[in-house]
Novice: 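A single structure is presented below for examination.
Only this structure's heavy atoms are used, side chains among them; waters, hydrogens and symmetry mates stay out. Numbers restart at 1 for each chain; the letters A, B, ... are given by sequence-line order, proteins then strands. Not measured: the values here are computed from a predicted model.
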Amino acid sequence: MENTIEISINGKSFRLNRGIKASDTLKESGLYKDSIIAVKVNGNLSDLSEPLEEDCTLEPIDINSPEGEEILRHSASHIMAQAVIHIFGDVKYAIGPAIEDGFYYDFDLEHKFTPEDLSKIEEEMQRITSEDLRFEKRVLSKDEAITFFAEKGQDYKVEIIKDIVEDSVAIYTQGDFVDLCRGPHIPSTGYLKNFKLLSLAGAYWRGDERNKMLQRIYGTAFATKEGLEGYLNFLEEAKRRDHRRIGKELDLFSINEDLGPGLILWHPKGAMIRKVIEDFWREEHVKRGYQLVNTPHIARVEVWKTSGHWDFYRENMFSPMEVDKGAYMVKPMNCPFHIMIYKSQTRSYRELPIRYAELGTVYRYEKAGVLHGLLRVRGFTQDDAHLFVQPEYLEEEIMSVVEFARFMITTFGFDKYNVYLSTRPEKYVGTIENWELATNSLSAALETLKIDYKVDPGEGVFYGPKIDIKLVDAIRREWQGPTIQVDFNLPERFDVTYVGQDGREHRPIMIHRVVLGSLERFFGTLIEQYAGAFPLWLSPVQVKVVPVTNKHIEYANSVRKILLEAGIRIEVDDRNEKVNAKIRDAELEKVPYILVVGDKEILDHSVSVRKRKEGNLGPMPLDTFLEMIRGKISRKVID
RNA sequence: GCCCAUGUAGCUCAGUAGGUAGAGCGCAUCCUUGGUAAGGAUGAGGUCACCAGUUCGAUUCUGGUCGUGGGCUCCA
């Protein structure tokens, strides 16, 4: 065996001694920098201290790269665990991975963490990083590792090792702390400079609610101070945009605990926005060949047995209510009702596709702990539609639905979105063949449209796979938006048919879809997207008239009358306040346009225009102003 | 549902080592008539989430219930 090996780095190759450390290799090749914290050996992540035994390709990983930051965060979780043990002693540690934008570690201990503990732990982490302890890797056989952790009473680690298929496992030591870990890690604890512990949470061991609940600490770490500060600012910004806070401030909606959690009260301003959304939604549906329908909120339990909801969805449904001798249930979905309309007469292939659309309010029992503002509620209105199509037109129909959804969300200002394809879940109805057919038609449609998508395995609904479109908002967060589901099962369960060209009965395929999601959730997303400063066409109050003094109220009202008749949503602030105060309040209300009117404006029948956030635009004839905003409203301009 | 935190005026929050409470904003009235982000004065608002218990006395302590927040599990 030769005692040198060939190592190629960035396309150059070096012949070096067998067993050389990765870090020394980089130094030999002149590529070493302090910011390099790990390497990839033939594409596999590895420590800088890893000895190289074979010919290989080496790729340095910089702490500033996404992979480098992930390693940093993972190491931060180890350091946090070490700090927790230093402070609290008898601790069982479970898992501590890096996650998007941070890391966490799950602990099992007697002491209940308090928010004050976080700063103590942070201080101890700071001390550990100042000691600059090396991360040292050792490889043990599974048995050795089990004995090792069992002796330390680390039951969770033992359980994890037992599930590992390889014969050996790696452990990492820094100072007095040892953890089971695949690695790699930063070379030493001193590399961790910019971090912060963020929150406490309960988390089930292995994410299973039958298991013990552990205590989780979330934190984050970044390569640079700027990165950390940027992220903390992002969290602040998210708080500022919180739809629950803005909903209260702008008087858009509320949730009343006496009425019940998860039930939304749409206040006048929120309801006005909803009306604008609904009007637009209906118009666009009619344009695209949908027929609007309306259906009741309850139905006999037998219907839900036929549909499969009774067996597969009951835990999400409110309990049945006794009516005469039968039982009725509040609907969690609109599909059976639309099916009944379809079945009210014999359908010919000439009628297909039939597209029924309804803003259908549904009720779902959600566990108390999951309710969240407008985003997770117990009663909501789906912007629902069910399409009955012939199998040969399925893909075409899916494509037009996807296009429709894209049109809707971009009109509302969501130019970026991510697409996911959710496949068969554990609990499902129907045959595997039909599931495959349905899944394939969804993916084929996306591919024909050249839309990139990711697969979400097992995330489909019980009756079919779906395409989820997640909106990306102004600060790059994802929100659940449109979903499109293909369903072979309900048509069979309800024996839905059409008469084909051949005079025989055939089975249509159903598409369930929403192009916004639910009005509640979509509204919440809109509030966060715009931080309450809605585009002109959506604003509940589009124009606020501010008379300079009481003498000008009459003129202000005449301006209001003219614009109101032109279809503009307008209010006059006739309070006994100074101009400055009225302007300030209108700005805080996020009204898009403020019209200041006084003596000057009365003289030449004009208005002084002030645009939200931009300030005074100067005087303008009233007609000109009206023309301008009418144009913007009809084009649904977002500015 | 589970873990932790939390619930005081319409809103944001102080406070009471157990003796039924306060600020700012908002609201009402009056004064002020002011040209692009807060003019002034006076006043009205609270069963201190709810139900039990301890106590001479509970908003404060204990237990429970409900709600809310951050997570877990689960979803439009």
Side-chain angles (χ1 to χ4, degrees), chain A residues 104 106 112-115 117 198-218 242 244-245 248-249 251 254-262 313 315-316 332-334 360 362 364-384 422 425 459 461 466 468 470 479-483 485 512-514 516-522 524-525 546-553 575-589 594-601 608-619:
Chain A
Y104 67 80
D106 286 346
K112 302 285 181 208
F113 290 133
T114 66
D117 290 336
L198 297 173
S199 60
L200 294 169
Y204 298 110
W205 166 234
R206 299 203 150 165
D208 190 326
E209 59 185 331
R210 288 165 301 197
N211 289 342
K212 180 163 187 185
M213 181 151 283
L214 310 174
Q215 300 189 67
R216 175 172 298 179
I217 301 178
Y218 282 98
D242 192 314
R244 294 165 299 184
R245 169 203 178 99
K248 201 180 279 179
E249 275 171 11
D251 195 17
S254 67
I255 298 167
N256 182 291
E257 74 171 88
D258 292 330
L259 243 53
Y313 205 73
E315 61 189 34
N316 284 296
M333 294 188 190
N334 300 302
V362 298
R364 297 184 186 172
Y365 172 71
E366 300 285 355
K367 291 179 181 177
V370 308
L371 300 174
H372 183 91
L374 292 171
L375 303 180
R376 195 73 185 275
V377 297
R378 285 181 174 159
F380 57 98
T381 301
Q382 290 185 302
D383 65 304
D384 212 355
S422 299
E459 292 299 312
V461 197
K466 62 174 177 173
D468 279 317
K470 294 190 181 167
W479 304 83
Q480 178 62 245
T483 77
Q485 302 163 357
H512 309 241
R513 50 102 282 192
V514 288
L516 298 177
S518 74
L519 292 178
E520 286 73 10
R521 189 175 272 183
F522 188 71
T525 306
V546 171
V548 175
T549 76
N550 289 355
K551 288 183 308 205
H552 310 113
I553 290 179
R575 293 175 305 163
N576 181 10
E577 288 292 347
K578 292 177 91 170
V579 184
N580 277 344
K582 290 190 266 199
I583 287 174
R584 176 170 193 269
D585 289 344
E587 286 279 351
L588 291 176
E589 270 180 57
I594 297 168
L595 302 180
V596 178
V597 296
D599 290 337
K600 282 182 274 177
E601 289 75 16
S608 245
V609 181
R610 181 186 165 108
K611 196 172 172 202
R612 177 177 65 198
K613 291 181 198 162
E614 288 177 28
N616 197 350
L617 303 183

Novice: What nucleic acid atoms does Ser608(A) come within less than 4.0 Å of, heavy atoms only: base, sugar-phosphate, or nothing?
Specialist: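 Answer is base: heavy atoms of Ser608(A) come under 4.0 Å of a base.
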Novice: To the nearest Å, give me how far apart CD (Glu589(A)) and P (A37(B)) are.
Specialist: 16 Å
Novice: Taking only distance into account, with no hydrogens and no angle test, what donor-acceptor pairs under 3.5 Å do side-chain atoms of residues 254-262 of chain A form with protein atoms, sequence neighbours excluded?
Specialist:
residue, atom, partner, partner atom, Å
Ser254(A), OG, His267(A), NE2, 2.7
Asn256(A), OD1, Asp258(A), N, 2.7
Asn256(A), OD1, Leu259(A), N, 3.1

Novice: Would you say Arg575(A) reaches U33(B)'s phosphate, i.e. side-chain N/O to OP1/OP2 under 4.0 Å?
Specialist: no
Novice: Lys248(A) has a side chain; which of C11(B), A37(B), U32(B) sits nearest to it?
Specialist: C11(B)
Novice: CG of Asn550(A) versus P of C30(B): gap in Å, rounded?
Specialist: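 Rounding to the nearest Å, CG of Asn550(A) and P of C30(B) are 12 Å apart.
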Novice: Provide the closest heavy-atom pair for Asn616(A) versus Val609(A) in the form atom of the first, atom of the second, distance.
Specialist: OD1-O, 3.3 Å
Novice: What residues, two or more places apart in sequence or in another chain, satisfy side chain to side chain contact (heavy atoms under 4.5 Å, CB included) together with Asn580(A)?
Specialist: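 By the side chain to side chain contact (heavy atoms under 4.5 Å, CB included) rule, Asn580(A) matches no residue at all.
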Novice: According to the Watson-Crick and G-U wobble definition with distances under 3.5 Å, which dot-bracket string, read 5' to 3', encodes RNA chain B, using [ ] for crossing pairs and | for pairs with another strand?
Specialist: (((((((..((((.....[..)))).(((((.......))))).....(((((..]....))))))))))))....
Novice: Rounding to an integer number of angstrom, what distance separates U65(B) and G7(B) when you compare their C1' atoms?
Specialist: 13 Å
Novice: Roughly how many Å apart are U73(B) and U8(B), using the C1' atom of each and rounding to a whole number?
Specialist: 34 Å
Novice: Tell me the interatomic distance from Glu577(A), atom CD, to C31(B), atom P, rounded to whole angstroms.
Specialist: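 Taking atom P of C31(B) as the reference, CD of Glu577(A) is at 15 Å.
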Novice: Measure the distance from OH on Tyr104(A) to C1' on G70(B) and round it to the nearest whole Å.
Specialist: 16 Å
Novice: Quote, to the nearest angstrom, the P distance that separates U54(B) from G46(B).
Specialist: 30 Å
Novice: Does a nitrogen or oxygen in the side chain of Lys212(A) sit under 4.0 Å from OP1 or OP2 of C3(B)?
Specialist: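 It does not, given that no N or O in the side chain of Lys212(A) lies less than 4.0 Å from OP1 or OP2 of C3(B).
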Novice: Rounding to an integer number of angstrom, what distance separates G26(B) and G69(B) when you compare their C1' atoms?
Specialist: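 Comparing C1' positions in G26(B) and G69(B) gives a spacing of 25 Å.
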Novice: Is there a donor and acceptor pair closer than 3.5 Å between the side chain of Arg612(A) and the base of A37(B)?
Specialist: no
Novice: I'd like the P distance from U62(B) over to U47(B), given in whole Å.
Specialist: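 Rounded to whole Å, the distance is 24 Å.
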Novice: For a side-chain hydrogen bond (donor to acceptor under 3.5 Å, both in side chains) with Glu587(A), tell me which candidate from Arg610(A), Lys613(A), Arg612(A) qualifies.
Specialist: Arg610(A)
Novice: Answer yes or no: is there a side-chain heavy-atom contact under 4.5 Å between Thr549(A) and His552(A)?
Specialist: yes
Novice: Ser422(A) versus Gln485(A): any side-chain heavy-atom pair under 4.5 Å?
Specialist: no
Novice: Regarding Leu214(A), tell me which of base, sugar-phosphate or nothing describes its non-hydrogen contacts under 4.0 Å with the strands shown.
Specialist: nothing
Novice: When every nucleotide of nucleotides 71-76 of chain B is labelled 5' to 3' by its protein contacts under 4.0 Å (heavy atoms), B for base, S for sugar-phosphate only, - for none, what sequence of letters results?
Specialist: BBBBBB
Novice: Just compare G39(B), G69(B), C66(B) and give me whichever is closest to any side-chain atom of Arg244(A).
Specialist: G69(B)
Novice: Nearest nucleotide by nearest heavy atom, which residue falls closer to the 5' end of RNA chain B, Val579(A) or Gly373(A)?
Specialist: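 Closer to the 5' end of RNA chain B: Val579(A).
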Novice: Picking from G67(B), A37(B), G35(B), which would you name as closest to the side chain of Glu257(A)?
Specialist: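 The answer is G67(B), which lies nearest to the side chain.
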Novice: Listed by chain and number, what are the ring pair (Phe, Tyr, Trp, His ring centres under 6.0 Å) partners of Trp205(A), not counting sequence neighbours?
Specialist: Tyr156(A)
Novice: So do the side chains of Leu375(A) and Trp479(A) get within less than 4.5 Å of each other, counting heavy atoms only?
Specialist: yes
Novice: Write down the distance separating the C1' atoms in A17(B) and C31(B), rounded off to the nearest Å.
Specialist: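 It comes out at 46 Å once rounded to the nearest Å.
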Novice: If I pick the P atom on G64(B) and the same atom on G19(B), what distance separates them, to the nearest angstrom?
Specialist: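 25 Å, rounded to whole Å.
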Novice: Could you tell me the separation between the CG atom of Asp585(A) and the P atom of C25(B), rounded to a whole number of Å?
Specialist: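 About 13 Å, once rounded to whole Å.
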Novice: Give me the distance, rounded to whole Å, that separates A49(B) from A58(B) when you measure between the C1' atoms they each carry.
Specialist: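 Pairwise C1' distance, A49(B) against A58(B), rounds to 15 Å.
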Novice: Can a donor-acceptor pair under 3.5 Å be found between the side-chain atoms of Asn580(A) and the base atoms of U36(B)?
Specialist: no
Novice: With sequence neighbours excluded, tell me which residues meet side chain to side chain donor-acceptor pair (under 3.5 Å) with Lys212(A).
Specialist: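 Testing Lys212(A) for side chain to side chain donor-acceptor pair (under 3.5 Å), a comparison that skips the adjacent residues, returns Asp108(A).
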Novice: Atom CD1 in Ile217(A), atom OH in Tyr104(A): separation rounded to 0.5 Å?
Specialist: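 Taking CD1 in Ile217(A) and OH in Tyr104(A), the distance rounds to 13.0 Å.
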